[in-house]
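Take a look at the structure set out below.
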Amino acid sequence: MAEAYNVQEIEAAWQRRWLDEGTYEVDNDDPRPPFYCLSMYPYPSGEAHMGHVRNYTLGDVVVRHRTMHGYAVLSPMGWDSFGLPAENAAIKTGIHPREYTDARIAELKASVRRLGAAFDWRREIESHDPLYMRWNQWLFLRLLEAGLAYRATAPVNWCPGCQTVLANEQVLPDGTCERSGDVVTKRDLEQWLFKTTDYAQELLEDLDALDWPERVKTIQRNWIGRSEGAEFDLPVADPHGQPRGDRLVIRVFTTRPDTSFGMTYAVVAPEHPIVTELVTDEQREAVDAFVARVRSETEIERLSTEGALEKRGVFTGSYAVNPFNGRPVPVYLADYVLMGYGTGAIMAVPGEDQRDWDFAKAYGLEIIRTVEPPEGWEGEAYTGDGPAINSEWLDGLSKNDAVERAMAWLEEQGIGERKVNFRLRDWLVSRQRFWGCPIPVVYCPEHGIVPVPDDQLPVLLPDDVEFRPTGESPLKFHTGFLNTQCPRCGGPATRETDTMDGFVESSWYFFRYTDARNEQAAFDSDVVAHWLPVDQYIGGIEQDILHLMYARFFTKALADLGIGPKEVREPFGRLFNHGVVRLGGRRMSKSRGNIARPADLFESHGADALRLYHLFMAPPGDEVDWTSGGIVGTSRFLHRLWRLADPASELAASAVERTTTDADAELERATHRLIARVSDEYERWSYNTAVAAFMEFTNGIYKYVQGESGGSAETLGFAVDTLLLLMAPMTPHVCAELWERRHGTHVHEQPWPQADPALVAEATVTMVVQVDGKLRDRIEVNSSIDDATAGELALASPKVRAILGDRHPAKVVARPPRLVNIVT
RNA sequence: GCGCCCGUAGCUUAAGAGGACUAAAGCUCCGGACUUAAAAUCCGGCAGAUGCGGGUUCGAGUCCCGUCGGGCGUUCCA
């Protein structure tokens, strides 16, 4: 008697077996070739949502698929467990963030396990684990020693809602906090930073060799923002061009030194320290008012192009000499020039820069074109190529030549030099929060900043803390934490109360996974070298600027510091971005009962059906609007599979031993075609089409079995076994169960099936013969037929002859073996 | 504003380097079987001049141009 497909029972049993048998535990000395498959470790938010399901399903498909190809697949999992939600919960409820976090981890871990994803849990990492914190702090100290971590006062992005400083990347383009949505303001604070800018050039260059989506590489390139140009000095002068006695100069950066003759004014950023020296007595009041206003503005207001241009700048009263022609030009302050980029000052060339053009128009400043615009040019500033004009010794030169000449001239004169600028800034890692990894330094009145000695690590977060409704970090008021001794002199000292940005922990967790239980070191460099770079990294695109850039920086820095293997300079060889699972749209609603809770669907249809539905509903890279409706389709399909493959089922029992028929041969060929097709689709991440192929193939098997001659045990067995093998990475439980019932072995330990090329290619095919594009005949031909033979056969066809009559073919288009078109 | 991507049944996706066959699959919907009935399941069916207009070609969902609609990225970085 056939057993029912008991989804819950089967899935629970196999999940237990995979854990108990350590099926996906992989040792570092495994003799099989290594393959590191990594899914981004999640922030533990509690119960899994559909985004998690999608991410970890994709990762699991890769893990099981590569395993069946004979690799030792490293598939670790862990938790990015520091972060604001836990702290916010603590502020609200008084529960310690550790307690809160541990509970959320337990929930998410349970749902990830319920999904049936194969992980080596021996390597599990939690960011807030004291052992992980210890090595995280240890790495911080190495960066500090190397000068890659430093402290500086800087105007920083301050989020009033989160009560903390944000990295530039955490501020949205509209000037609000990516977390809380509050408007971000500027504040001057002492902060810890990492010198990511030291690696700007390498971070840019090494992108080329990475097998990443072009889109992501472009985002990274833009973020690094390399631009080549020149820096030079403008002597500050009186209105007549007489340089000041103090030889004050304004250093400017430009990418267009070729346009220098068109400079009609200069602009200095309002925050520039030189401002106080530039401003004249008559202008002081206006300048002070302007600077005060800019400083009080939010990023939104400042970056807005809405404001009246007339109010966005002010004349300083000073002049600067254009070194190219000795002309004095007025010096302005304007909010469109930023202190953080280049030198914080520019030469303004309205003829070739639209921002300068707009400003010049608003302030009645002169505009001199120095590049001849094309005929009929009706635009304003012209930034394209063209012969130089109004530029003395540059006249007539093309843009590139003129740039080159101007830079050479600056260098000859000794007033400037070539300069490469990056948009990338150093990484601000200080956070004024409690629930993060403490920065392991103390402040001693005698010795200043003193690192905590390695043997005193980790600096742990205290348990007995009170969270204030203001959101301020309790560390600032916790005397037990705060008061310590200077490691150098033993005198009283205070601890740093800032904690690290969570991106620090996520910048090396993939190193730690390879050697997760090491107590003597952050990791063993040789072990890291065995596994890294990650062969396949999987995650959402929302992390692509921040996390990927920082992880790349860390990898390079660790290599240079001799901590990581020196040949591993990039962490992630291949990257795949799955699309976001949206929960928007009317279709999702609680009242309709179709809210996307994976737990409900595990319960109603099982993990395999949910996984298969995720894989089927869209290409993995596409965004999807989640609807639960379709899961019944994949669930139904798995039941169909069960009835076909369970050896005790009626269908399987109906197969007989008999001599082979045409139907058998056809199914066998279809099976080989399926192997060829699906194998390729796995490589291309075209899982949705692979699922469609499984469905079509299964429909074909049903037709075959129910056909006249019934099913041959041998042919049917081969077809079904193949189907189970090919589906095993996607729906591991049901395939494992069916395979075991059929063969008593583990499906995931079987080698991947190989297609027989001779059977994939059909021996004979139906060639279509058209006359003037209309179908007139079909001829069975050998699949290797050549052009001439195909044409002859077509012309010889009686049907074609009848149609042609006495007309003569003007042209015979032969596309063997599929088609011949006779054109009259 | 600039750049990139996408418009195929009611919905979500397919259609190997342009080629005919009924442009596939699942969901939805309809019918039948089973059932006291329903659900589930099984069997079957409806459904599409591939956004619109032009072009290239013997032949276009596939290539080119235009247009409309939708999406994503970027936008003071000198």
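Numbered from 1 within each chain, the chains take letters A, B, ... in sequence-line order.
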Heavy atoms from C-beta onward define the side chain here; which of [options] lies closest to that of [X]?
X	options	value
A:Val337	B:rU28, B:rA78, B:rC77	B:rA78
A:Phe253	B:rC42, B:rA78, B:rA14	B:rA78
A:Phe616	B:rC27, B:rA78, B:rA25	B:rA25
A:Glu696	B:rC77, B:rA25, B:rA14	B:rA25
A:Thr254	B:rC42, B:rA14, B:rA78	B:rA78
A:Arg640	B:rC43, B:rU75, B:rA78	B:rC43
A:Tyr702	B:rU75, B:rC43, B:rA78	B:rC43
A:Asn821	B:rG19, B:rC27, B:rA78	B:rG19
A:Val632	B:rU13, B:rU28, B:rG44	B:rU28
A:Met617	B:rG44, B:rU12, B:rA14	B:rU12

[M] and [N], which share atom name [atom1], separated by this distance in whole Å:
N	M	atom1	value
B:rA47	B:rG26	C1'	15 Å
B:rC11	B:rC4	P	29 Å
B:rC6	B:rG66	P	16 Å
B:rG16	B:rG7	P	13 Å
B:rG69	B:rC52	C1'	10 Å
B:rA25	B:rA15	P	14 Å
B:rG71	B:rG45	P	38 Å
B:rC64	B:rA23	P	25 Å

Regarding [X], tell me which of base, sugar-phosphate or nothing describes its non-hydrogen contacts under 4.0 Å with the strands shown.
X	answer
A:Asn699	sugar-phosphate
A:Arg643	sugar-phosphate
A:Thr343	nothing

Open item on the list: I'd like to know if A:Glu231 and A:Arg251 make a salt bridge, using a cut-off of under 4.0 Å between side-chain N and carboxylate O.
Closed with: yes
Would you call A:Glu417-A:Lys419 a salt bridge at under 4.0 Å N-O?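 The answer is no: the pair does not qualify as a salt bridge.
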Check: Should the pair A:Arg423 and A:Tyr341 be classed as cation-pi, given the thresholds of under 6.0 Å to the six-membered ring centre and 45° from the axis?
Finding: no
[X] [atom1] - [N] [atom2] separation (whole Å):
X	N	atom1	atom2	value
A:Lys217	B:rG3	NZ	P	23 Å
A:His639	B:rC27	NE2	P	14 Å
A:Met695	B:rG26	CE	C1'	5 Å

TODO: Counting Watson-Crick and G-U wobble pairs only, both distances under 3.5 Å, name the nucleotide matched with B:rU67, or none.
DONE: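 For B:rU67, the partner nucleotide comes out as B:rG51, under the 3.5 Å rule.
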Answer for the Watson-Crick or wobble partner of B:rG3, both distances under 3.5 Å, is B:rC72
Assigned chi class of B:rA49 under the 90° convention is syn
Under 4.0 Å: is that the gap between some side-chain N or O of [X] and OP1 or OP2 of [N]?
X	N	value
A:Arg256	B:rA78	no
A:Thr689	B:rU13	no
A:Asn688	B:rU12	no

Are [X] and [Y] packed together at the side-chain level, in the sense that at least one heavy-atom pair is separated by less than 4.5 angstrom?
X	Y	result
A:Glu228	A:Arg418	no
A:Tyr682	A:Arg677	no
A:Leu615	A:Asn688	no

- Task: I would like to know whether A:Tyr265 and A:Phe359 meet ring-ring contact (aromatic ring centres under 6.0 Å, His included); could you show each step before the answer?
- Result: CA-CA 10 Å; A:Tyr265 63 100; A:Phe359 192 84; 5.5 Å; yes
